[in-house]
There are 2 protein chains.
Amino acid sequence: MSNRKLNNYISVDCVIFGFDSEKLNVLVVDRTLKADDGSDEFSDLTLTGNHIYEDETIVEAADRILYDLTGLRNIYLEQFKTFAAPDRLKKENDRKWLLHDNRDPDKRIVSIGFFALLATQKVTLEWKGRNVRWMPVEEVGELGFDHNLILSEALVAMRNKLIHEPIGFELLPDKFTLSQLQKVYEIILDTTFDKRNFRKKVGRMKYLIPLDEKQKGVAHKPARLYMFSREVYEKTRKEILNFLV
Amino acid sequence: MSNRKLNNYISVDCVIFGFDSEKLNVLVVDRTLKADDGSDEFSDLTLTGNHIYEDETIVEAADRILYDLTGLRNIYLEQFKTFAAPDRLKKENDRKWLLHDNRDPDKRIVSIGFFALLATQKVTLEWKGRNVRWMPVEEVGELGFDHNLILSEALVAMRNKLIHEPIGFELLPDKFTLSQLQKVYEIILDTTFDKRNFRKKVGRMKYLIPLDEKQKGVAHKPARLYMFSREVYEKTRKEILNFLV
DNA sequence: CCAAAAGTGTTAACATTACACCCATGG
DNA sequence: CCATGGGTGTAATGTTAACACTTTTGG
């Protein structure tokens, strides 16, 4: 595996979302370039991304990045948009970083954007020698490259998907409570729902399976746990004409 | 403009859909390679696509292709998926075609897929020296490169969009009847709707503007014409939680 | 016994579905 | 005067939205 060749003009960028029952977070990595004297030439943040190997598909490349960061397979992953503007890597810091990394800052690099939803907060703390951490989406400042654009497009695509398809579960543990699920939708869609109406609505979804199991160790009435069945979903889903106002 | 440089590893493929009040059609071009003796080495069909210029964004490249084919600007256009499998151009005919075209068949080429919806049937008959024509989607046989995959993914993305957002109008003239609109949905979603219920439903959409104008020259009661107002749509649209069954 | 979140039901307004007949035009 | 597609209403059923109180647990 050590002699695989990296393609030098096709990359994937992964916008990895995580949920901590309070906020929507995104995984970012430090990008610090040292000057010759050891001081920081600059230091900022980027999303996670990498060039693809020549023998690898783009989905395999995205899966590889996710595995390297989390040690997990079968994470929810979706290709949402591709970025190839001529000037997307042309900011001063970006050029310096690419040169330092032995890459050609004048090469047109196309990047395929994926977003991933994580059921857990476990990630490595270091990745390719760079520090990795979760950051609440609303606290993200200026990122390197065109990653602010990629992040905002990922958010649009993810919210859109969340509205139309059952993917909220992917941000929760396998077993979750209805209140946790409601919170996912409320926080990501920046709204609130009536508890009784929300429960009535999800109660109609056959693929949301109630378990004979409750929360433990909470200082209030323990909630029933539920799980999502993709199998039931695939069997019962029907498309609905919904191009309303 | 004549000295613009083409990028040799980033291309866009356009899946151009048209509607003729009977069928959903897609634009295909002949791909005929002549042998030395003038006979056909092979002859098949592909979708429309092209490499991008170095100074051009991918949307600009797709717009350019659409303009070259139709002479129209502002066509409905959407980036839906990117294709970069290592073997996507490796079939025998594909290699021959690329070689003949002075391109490197071993170069990894990434192609960004767009689909377009056309309100008219007008297209050029020739494009880059190749014959162009409409073909009903269900009659499309084996296409060159990975274009069957690109077409089927375009169909999935287009149907999905059609269900959730008002884009059916884009396949009709600016002024259209409700029966034409119903037919668009019926044919593309392969279903039927009750006429009264369909009209009740679209009657609630404020962005569908009834005109003081009727069909002319039809051998039956002439239908009222309508138009779509994107402006009203943008103002009145609201997102709805709809991840039901 | 207190704090915290879980869980539950009713009503009114609106949306969906199923279903059949007359109307205006061109030929 | 006929063939063609345009246009319309009602009743039953299902969905949404608004709204408040009791229950179970840990501390």
Side-chain angles (χ1 to χ4, degrees), chain A residues 19-22 163-164 166 172-173 175-187 189 191-227 236-245, chain B residues 19-22 163-164 166 172-173 175-187 189 191-227 236-245:
Chain A
F19 187 73
D20 62 5
S21 64
E22 286 299 323
I163 286 166
H164 299 297
L172 293 171
K175 300 173 180 179
F176 52 85
T177 71
L178 294 184
S179 294
Q180 289 173 322
L181 185 63
Q182 184 175 341
K183 196 121 198 206
V184 166
Y185 285 92
E186 289 183 338
I187 288 179
L189 302 177
T191 182
T192 57
F193 298 105
D194 175 83
K195 187 162 51 155
R196 279 169 292 189
N197 293 340
F198 185 86
R199 280 158 193 252
K200 227 177 295 168
K201 183 155 193 160
V202 299
R204 257 175 269 125
M205 302 167 188
K206 309 265 171 50
Y207 49 80
L208 193 59
I209 317 282
L211 303 174
D212 284 331
E213 203 174 334
K214 304 204 163 190
Q215 279 184 313
K216 278 188 186 120
V218 287
H220 53 75
K221 181 172 174 177
R224 177 183 286 271
L225 296 175
Y226 289 76
M227 58 172 282
T236 57
R237 112 226 265 337
K238 52 176 183 289
E239 299 294 0
I240 289 165
L241 238 200
N242 190 44
F243 55 108
L244 283 164
V245 173
Chain B
F19 187 74
D20 62 5
S21 63
E22 286 300 324
I163 286 167
H164 298 298
L172 293 171
K175 299 173 179 181
F176 52 86
T177 71
L178 294 185
S179 293
Q180 290 173 322
L181 185 64
Q182 185 174 341
K183 196 121 197 208
V184 166
Y185 285 92
E186 289 182 338
I187 287 179
L189 302 178
T191 182
T192 56
F193 297 105
D194 175 84
K195 188 163 48 157
R196 279 170 292 191
N197 293 340
F198 185 85
R199 280 159 193 252
K200 227 178 297 169
K201 182 155 193 160
V202 299
R204 254 176 270 124
M205 301 169 188
K206 308 266 171 50
Y207 49 81
L208 193 58
I209 317 283
L211 303 174
D212 285 331
E213 202 174 335
K214 303 202 165 194
Q215 278 184 313
K216 278 187 188 122
V218 287
H220 54 75
K221 181 171 173 178
R224 178 184 285 271
L225 296 175
Y226 288 76
M227 58 170 283
T236 57
R237 113 226 262 341
K238 52 176 183 285
E239 300 293 0
I240 289 165
L241 240 199
N242 190 43
F243 55 107
L244 283 165
V245 173

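Fair warning: this is a prediction, and the values are worked out from it, not measured in the lab. Every chain is numbered from 1 and lettered A, B, ... according to where its sequence line falls, protein lines coming before strand lines.
Residue-to-nucleotide contacts include a donor-acceptor pair under 3.5 Å from the side chain of B:Arg196 to the base of C:dA20.
Under the 4.5 Å side-chain criterion, counting only non-hydrogen atoms from C-beta, A:Leu181 is not in contact with A:Tyr226. Proximity of B:Ser179 to B:Arg199: side-chain heavy atoms (C-beta onward) are separated by under 4.5 Å at one or more points. Contact annotation: the side chain of B:Lys183 approaches that of B:Glu22 to within less than 4.5 Å [non-hydrogen atoms, C-beta and beyond]. A:Phe176 has its side chain out of reach of A:Val184: every pair of non-hydrogen atoms, C-beta onward, lies at least 4.5 Å apart. Between B:Leu208 and B:Met227 there is no side-chain heavy-atom pair separated by less than 4.5 Å.
Here the P atom of nucleotide C:dA20 and the CZ atom of B:Arg199 are 18 Å apart, to the nearest Å. Remark: C1' of C:dA6 and NZ of A:Lys183 are 15 Å apart, rounded to the nearest angstrom. Summarising the geometry, the separation between CG on A:Leu181 and C1' on C:dA6 is reported as 15 Å, rounded to the nearest angstrom. What separates CZ of B:Phe176 from P of D:dG6 is a distance of 14 Å, to the nearest Å. Atom CG in B:Asp194 sits roughly 11 Å away from atom C1' in C:dT16 (whole-Å rounding). Distance A:Lys195 NZ to C:dA5 P: 10 Å, rounded to the nearest Å. A straight line from CZ of B:Phe198 to P of D:dG7 spans 13 Å, rounded to a whole angstrom. The interatomic distance linking A:Arg224 (CZ) with D:dT23 (C1') rounds to 15 Å, in whole Å.
Closest non-hydrogen pair, B:Gln182 versus B:Phe193, comes out as NE2-O, 2.8 Å. A pairwise comparison of heavy atoms in B:Pro222 and B:Gln215 identifies CB-O, 3.2 Å as the closest pair. When all heavy atoms of B:Pro166 and B:Tyr185 are compared, the closest pair comes out as CA-OH, 4.4 Å.
Note on B:Ser179: a side-chain N or O is less than 4.0 Å away from OP1 or OP2 of D:dG6.
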N/O contacts under 3.5 Å, protein versus nucleotides 24-27 of chain C?
| residue | atom | partner | partner atom | Å |
| --- | --- | --- | --- | --- |
| C:dA24 | N3 | B:Lys221 | N | 2.9 |
| C:dT25 | O2 | B:Ala219 | O | 3.3 |
| C:dT25 | O2 | B:His220 | N | 3.2 |

Considering only nitrogen or oxygen atoms on both sides, find all protein atoms under 3.5 Å from nucleotides 10-14 of chain D and state each distance.
| residue | atom | partner | partner atom | Å |
| --- | --- | --- | --- | --- |
| D:dT10 | O4 | B:Lys200 | NZ | 2.7 |

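When atom types are taken as modelled, the side chain of A:Gln180 and the backbone of A:Ser21 share no donor-acceptor pair closer than 3.5 angstrom.
The listed nucleotides are D:dG7, D:dT16, D:dA20; the one nearest the side chain of A:Lys201 is D:dT16.
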